[in-house]
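Report on the following structure.
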Number of protein chains: 2
Amino acid sequence: MKLNDRAETLLRTLIELYINDGQPVGSRTLARKLKVNLSPATVRNVMSDLEDLGLIHSPHTSAGRIPTQQGYRFFVDSLLQVRPLEQLTLKEMQDKFSYERDPQLLLTKASELLSQVTHFAGVVLIPGQRSSLFRQIEFVRLASQRVLTILVTDDGRVQNRVIPTDRSYAANELVEAANFFNQVYGGTSLADVRRGLLEEMQKDSDEMHRIMATALAVAGKLFDDEDDGGDAVMLSGEENLLNVPDLCQIEKLQKLFDAFKTKQDLLDLLDRSMKVSGISIFIGEESGYRSLDDCSVVTAPYDHDGEIIGTVGVIGPTRMSYEEVIPVVDVTARLLSGALSSTADRLE
Amino acid sequence: MKLNDRAETLLRTLIELYINDGQPVGSRTLARKLKVNLSPATVRNVMSDLEDLGLIHSPHTSAGRIPTQQGYRFFVDSLLQVRPLEQLTLKEMQDKFSYERDPQLLLTKASELLSQVTHFAGVVLIPGQRSSLFRQIEFVRLASQRVLTILVTDDGRVQNRVIPTDRSYAANELVEAANFFNQVYGGTSLADVRRGLLEEMQKDSDEMHRIMATALAVAGKLFDDEDDGGDAVMLSGEENLLNVPDLCQIEKLQKLFDAFKTKQDLLDLLDRSMKVSGISIFIGEESGYRSLDDCSVVTAPYDHDGEIIGTVGVIGPTRMSYEEVIPVVDVTARLLSGALSSTADRLE
DNA sequence: CTTAGCACTCGGAATAACGGAGTGCTAAAG
DNA sequence: CTTTAGCACTCCGTTATTCCGAGTGCTAAG
């Protein structure tokens, strides 16, 4: 799409005005706001062109214009000049991450941070197990037939689960089994561990090493679980969206909160955005999920030692201040990546 | 408060009608609905009395009557006949709890169950650490100066935390320390453990046993943490409240969701209800928390081996079907208690 | 190409009219 | 004394109407 300078400035100003006050922008208002002196009539002509191009439209004859989805799209792609983050905000954000090394808490904090700073909803895609590497497993005997299984992955995340067992295991049996398990599978991907376990189970159990049998019996169920292999989405500040005037219709909120509950749509969307490097922006219906029709989602992937493992993002109304939200998401992703990195581990 | 039979029936019918359709009930409607044949005029006279007693009121002159808070109170205290749970629902609820022994998941399920069955919000007060007994601690070495600490309490709940340490500990040091710790403190309350730790720390460190020093250094931080000692509230199905017509004003929802976020009010309320045996019902402003003004909360405590350790409940509009919600809350509390009990442990 | 002028459109606020549901009161009937 | 019928009255919610202002599109002149 090609626009002359004047049309661009006009469109930019219009969108900025609309993002600010949420009112359709008329030719007179726009003319007054512009640096160059133009009459409302001239502005009207340009606006008419922009409308023909599908970038803006009027809700009705005698109202001003508001950006269309394509208008927003053009705006963020070509017109937006992202303002750098306020020094104060940046400091706040850094503070939030300092002195925290637990990856799970870091993710929570990232999500909260996003919602607090933007006043919209913060969201974090938590990397699925399958992609991370197995580091360590530990078994703790709780009761005669209950074993607490602790799984540590190389990105530092910890999962635990109480597992009922068929027979009672002695403490040293469990220690042996864990050691064995750690030696055999340490450093391989969880998907491989799973595969390996399945193979072992195929074999006749008599052939199996006694320790391996124990480990299998206990850990097997941990890896059986479908849920644990998948990704998960963490959400914060949903309640902020209740304050957003653009979403103040109950039905819209219902659709949205429904999506928040099932999380599937969010998951898909964030997963898509993980495959792109840098900021992704989904505007209104672009995302393809009806539940997000009136929303925009701004996301950025984060990494662990250079490998992208998840996404952080903000969900807000389409009429959001992209120039403010984008740097917040960007910086959050960077800070999170930094805090997760092994270097940070070693420095602590 | 004393009412004659007719007035009682009338009040009950009125409240039931109002709970059903949410419309103010007029004398004609009420007269038609009553078994006994009474003219609207007579009904009006009785209603007038009930209004004088403060049990009902009209929103305006030419509308029917709706129950006041005191009306609801009288209703649940004296008029309500709780209908036993539908066989089908009961079955569903039992199914939800079967085959689950992990206490944390049980609490989650209880909360979800409450929201699913009632279509309101389900809430569970998770017992604070301080009240439960210390069973077991385990240390797992993650990196040179990071130790994963796992705390198991006698009610089967597991907490873990990655703790940065001042120096590096060898695996066997950690095992020794854990064993020692478990022997010294096993079976005492977490509050006592905390107290014991503080005392030990007072002493000159040179005097301390080497192993104890390790345990202290690692576990100390776990017990330092203020947050972990407190209670927590788990909430499900908040989004259901968006569908409730009585709460469809954005500001009300804002107040409510704000309370859900901070959780302090909920916590206080549930904590109060834990000290009462059996069902508690807070109607509208009775709770004393402005955020819950338009809501009622129905709660029941649950126990672990006979000792009350928490509360489950439902948060819905004041105009809710108490006769349906009450048994659901009641049964959930019972099922949860049963599933948590040690007997269930042993049987598994 | 830009601008002034003008007729036209449309939504939103304000106002008025109206019908319905419900009440309270009174007086008569049981 | 209680119950009932009748009636005047109140007030809400709806609908219709008007009116104003903001904004547009078009045309013709600069």
Side-chain angles (χ1 to χ4, degrees), chain A residues 2-11 13-18 20-68 71 245-246 248-249, chain B residues 2-11 13-18 20-68 71 245-246 248-249:
Chain A
K2 203 77 182 86
L3 289 183
N4 61 44
D5 276 4
R6 195 172 65 178
E8 277 196 359
T9 325
L10 229 144
L11 179 61
T13 316
L14 186 148
I15 296 186
E16 281 168 359
L17 276 174
Y18 180 68
N20 253 328
D21 359 327
Q23 301 296 328
V25 183
S27 54
R28 193 190 313 258
T29 330
L30 193 49
R32 265 200 293 266
K33 200 74 186 180
L34 284 170
K35 302 276 170 9
V36 286
N37 266 16
L38 281 181
S39 75
T42 314
V43 172
R44 276 205 289 281
N45 288 333
V46 182
M47 283 166 109
S48 185
D49 296 345
L50 291 174
E51 182 150 26
D52 289 344
L53 289 169
L55 297 172
I56 57 180
H57 84 282
S58 3
H60 57 85
T61 330
S62 76
R65 306 300 219 292
I66 63 180
T68 61
D246 296 38
C248 72
Q249 290 154 65
Chain B
K2 203 78 184 83
L3 288 183
N4 62 44
D5 275 5
R6 194 172 64 177
E8 277 195 359
T9 328
L10 228 142
L11 180 59
T13 317
L14 186 148
I15 295 186
E16 282 167 1
L17 277 174
Y18 180 68
N20 253 328
D21 2 326
Q23 300 297 327
V25 183
S27 54
R28 193 189 313 257
T29 330
L30 193 48
R32 265 201 292 267
K33 200 73 185 182
L34 284 169
K35 304 275 170 8
V36 287
N37 264 16
L38 282 179
S39 75
T42 314
V43 172
R44 276 205 289 281
N45 289 332
V46 182
M47 283 167 109
S48 184
D49 297 344
L50 291 174
E51 181 151 24
D52 289 344
L53 289 170
L55 297 171
I56 58 180
H57 84 283
S58 2
H60 58 84
T61 330
S62 75
R65 306 300 218 294
I66 62 179
T68 60
D246 295 39
C248 72
Q249 290 154 65

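Computed from a predicted model, the values in this text were never measured in an experiment. Quick note on labels: first sequence line is chain A, next is B, and so on, each numbered from 1.
- What separates CG of B:L34 from P of D:dT3 is a distance of 13 Å, to the nearest Å.
- The number of heavy-atom neighbours closer than 6.0 Å to CG of A:N4, taken from other residues, nucleotides and ligands shown, is above 12.
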Q: Summarise protein proximity over nucleotides 15-30 of chain D in one line of letters, 5' to 3': B for base, S for sugar-phosphate only, - for none, counting protein heavy atoms closer than 4.0 Å.
A: ------BBSBB-----
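- Distance NE2 (B:H57) to C1' (D:dC11): 15 Å, rounded to an integer number of Å.
- Listed pair A:S39 / C:dT2 fails the phosphate criterion, with no side-chain N or O lying under 4.0 Å from OP1 or OP2.
- Taking NZ from A:K35 and OG1 from A:T9, the interatomic distance works out to 9.5 Å, rounded to the nearest 0.5 Å.
- A distance of 9.0 Å separates CD1 in A:I56 from CG in A:D49, rounded to the nearest 0.5 Å.
- The nearest whole Å value for the distance from the CG atom in B:L14 to the P atom in C:dG22 is 12 Å.
- As rounded to whole Å, 9 Å separates atom P of D:dT2 from atom CZ of B:R6.
- The only member of B:S27, B:P24, B:S58, B:P59 that meets side-chain contact (heavy atoms from CB on, under 4.5 Å) when paired with B:R65 is B:S58.
- Here D:dC1 presents its C1' atom at 14 Å from CG of B:N4, a figure rounded to the nearest Å.
- Summarising the local packing, CG of B:D21 is surrounded by more than 12 heavy atoms from other residues, nucleotides or ligands at distances under 6.0 Å.
- Comparing A:P59 and A:L38, the nucleotide of DNA chain C nearest to each residue sits closer to the 5' end for A:L38.
- No side-chain heavy atom of B:L38 sits under 4.5 Å from any side-chain heavy atom of B:L30.
- Taking atom CZ of B:R32 as the reference point, atom P of C:dG22 lies 8 Å away to the nearest angstrom.
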